Amino acid sequence: MSMNLYREAQERYGEIGVDTDKAIRMLSQIPLSIHCWQGDDVIGFDGAARLSGGILATGAYPGRARNAEELRRDIETAFSLIPGTKRLNLHAMYAETNGEKVDRDQLEPKHFDGWLAWAKSLGIGLDFNPSFFSHPLAESGFTLAHADPSIRNFWVRHGIASRQIAQYFADELKDTVVNNLWVPDGYKDTPADRLGPRIRLQDSLDQIYHDSLPNDRVVDSVESKLFGIGSESYVAGSHEFYLGYAAKHALGLCLDMGHFHPTEQIADKISSVLLFIPKLVLHLSRGVRWDSDHIVVWNDDISNVAHELARIQAWDRVHLALDYFDASINRIGAWVIGARSVQKALLSALLEPSEILRNEERHGSYFKRLAYLEESKSMPFSAVWNYYCETENVPGNAIWIDSVLEYERLVLSKRES
Ligand code: RNT
Ligand code: ZN
């Protein structure tokens with residue numbers, strides 16, 4: 001049945017110059033880094049008392065993963081319902097230390113061997129993030145920009161250790177590893193000195209990135225933010241700060257969809273940034289009011305990003321990663337909804353009649369450009385999506401919802417919080 005529908009759709013897309021087979025092939029090869037931290041409300045394994053750093057996972061839905069085994073099992077379940085090439089995005093606070101207290105500045109590659117072996121067994125790639133929050137030395141709201149050099153140095157050591165861990169993953173997996181740095185540093189109220197923390201942040205980053213790593217498989221990226229909870233008036237690592245820093249030092253830049261003014265979208269930044277920055281990391285998320293981390297849904301924001309990516313075709317320079325956390329619904333469902341929404345947005349963008357659109361634009365036929373853009377929205381997308389999912393061995397339609405509920409009944413409901 002879905003094959004017949006697919007053939008029909010293929011013909012209709014063919015009439016406007018779109019090759020559906022090619023779109024599917026491309027989509028299946030675009031890696032999406034799935035964030036481990038949706039599975040446990042960004043708590044991690046190093047005994048943090050609470051989530052800090054101006055981010056908040058609200059809700060108390062039962063079934064939160066409490067250890068590495070549970071988290072890995074949950075991720076595998078989510079993966080089984082997500083088509084395409086998947087990676088796992090880890091945070092340093094998910095180190096496995098066998099009950100030993102290892103502070104963040106002392107973390108070593110070996111503390112991630114459990115994750116590495118698991119990634120190898122699944123044949124997936126890994127990405128990494130130093131964790132500059134939910135720690136006693138981050139309580140003041142400052143880490144790499146802290147005024148106290150001893151606290152700053154602790155976090156510099158953590159930044160350096162994290163690069164070593166990312167390098168280890170890259171060597172072991174013979175694969176690119178994104179190592180993304182985000183610090184919460186900022187003030188709740190109007191600062192008297194906006195420059196000082198930025199000078200200190202710059203100095204800390206200079207130390208962290210001082211040594212170049214032995215090969216170019218690690219993509220070091222830096223992530224900006226406009227404001228956080230408790231840092232509403234000032235964030236040291238603003239967009240301009242990191243745009244400048246990344247351009248100057250040829251680092252990757254991470255744009256998080258929830259880290260800009262509410263009406264400001266990141267889609268239009270991509271083409272500019274790629275002219276000056278070697279690698280771009282996108283944190284796919286959804287801002288709602290004060291929260292920058294709602295589950296991604298297939299809305300205009302993510303569509304615009306996907307269209308930009310499909311038009312620019314710089315897949316080797318852009319790394320896609322989910323970044324949101326919702327503790328109020330089934331967490332596996334949260335992963336799957338976000339990942340499938342991203343895949344849908346990408347597929348729909350890859351099915352755009354780009355030849356026609358560019359041609360009309362070149363000839364100044366803006367009426368036709370807009371007309372084709374609108375018409376392409378009602379093409380038989382779902383037939384292609386369902387067929388794509390079938391080729392990826394995941395359910396194409398709403399059946400996946402039942403799989404999540406079944407896992408909740410069999411596994412999640414047995415966990416005590
Ligand atoms: C926070 C940033 C950052 C975090 C993760 C946990 O606002 O978006 O990327 O969400 O590192
Ligand atoms: Zn982010």
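Remember, it's 1-based here, ligands and their atoms both numbered in the order they're listed. Fair warning: this is a prediction, and the values are worked out from it, not measured in the lab. Along the sequence shown, the residues carry numbers beginning at 1.
Remark: the Asn304 side chain and the Glu308 side chain contain no N/O donor-acceptor pair separated by less than 3.5 Å.
In terms of heavy atoms, Ala92 sits closest to Pro130 at CB-CA, 4.1 Å.
The distance from atom CG of Asp105 to atom CG of Leu137, rounded to the nearest 0.5 Å, is 8.5 Å. Taken to the nearest 0.5 Å, the OG atom of Ser131 stands 10.0 Å off from the CH2 atom of Trp182.
With a cut-off of 2.8 Å, the protein N/O/S atoms near the Zn ion (ligand 2) add up to 4.
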Using residues 170-177 as the side-chain source, report each donor-acceptor pair under 3.5 Å to any protein atom, sequence neighbours left out, with the distance given to one decimal.
from	atom 1	to	atom 2	distance (Å)
Asp171	OD1	Gln167	NE2	3.0
Asp171	OD1	Asn215	ND2	3.3
Glu172	OE1	Lys120	NZ	2.6
Lys174	NZ	Asp171	O	3.4
Asp175	OD2	Arg87	NH1	3.0

Which N/O atoms of ligand 1 sit under 3.5 Å from a protein N/O, and at what distances?
from	atom 1	to	atom 2	distance (Å)
ligand 1	7 (O)	Lys225	NZ	2.8
ligand 1	7 (O)	His259	NE2	2.9
ligand 1	8 (O)	Glu223	OE2	2.9
ligand 1	8 (O)	Asp256	OD2	2.9
ligand 1	8 (O)	His259	NE2	3.1
ligand 1	8 (O)	Asp323	OD2	2.7
ligand 1	9 (O)	Glu223	OE1	2.8
ligand 1	9 (O)	Glu223	OE2	3.1
ligand 1	9 (O)	His283	ND1	3.2
ligand 1	9 (O)	Asp323	OD2	2.9
ligand 1	10 (O)	Asp323	OD1	2.9
ligand 1	10 (O)	Asp323	OD2	2.9
ligand 1	11 (O)	His91	NE2	2.7

| query | Please walk me through it: do Phe154 and His135 pass ring-ring contact (aromatic ring centres under 6.0 Å, His included)? | reply | CA-CA 12 Å; Phe154 171 85; His135 185 280; 5.1 Å; yes
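Aromatic ring pairs are classed by plane angle as parallel below 30°, tilted from 30° to 60° and perpendicular above 60°; the pair Tyr209 and Tyr245 is tilted.
Salt-bridge formation is detected for the pair Arg415/Asp74: a Lys NZ or Arg NE/NH1/NH2 atom is positioned less than 4.0 Å from an Asp or Glu carboxylate oxygen.
Pairs passing the ring pair (Phe, Tyr, Trp, His ring centres under 6.0 Å) check and including a residue from residues 96-124, sequence neighbours excluded, read Phe112-Phe128, Trp115-Trp118.
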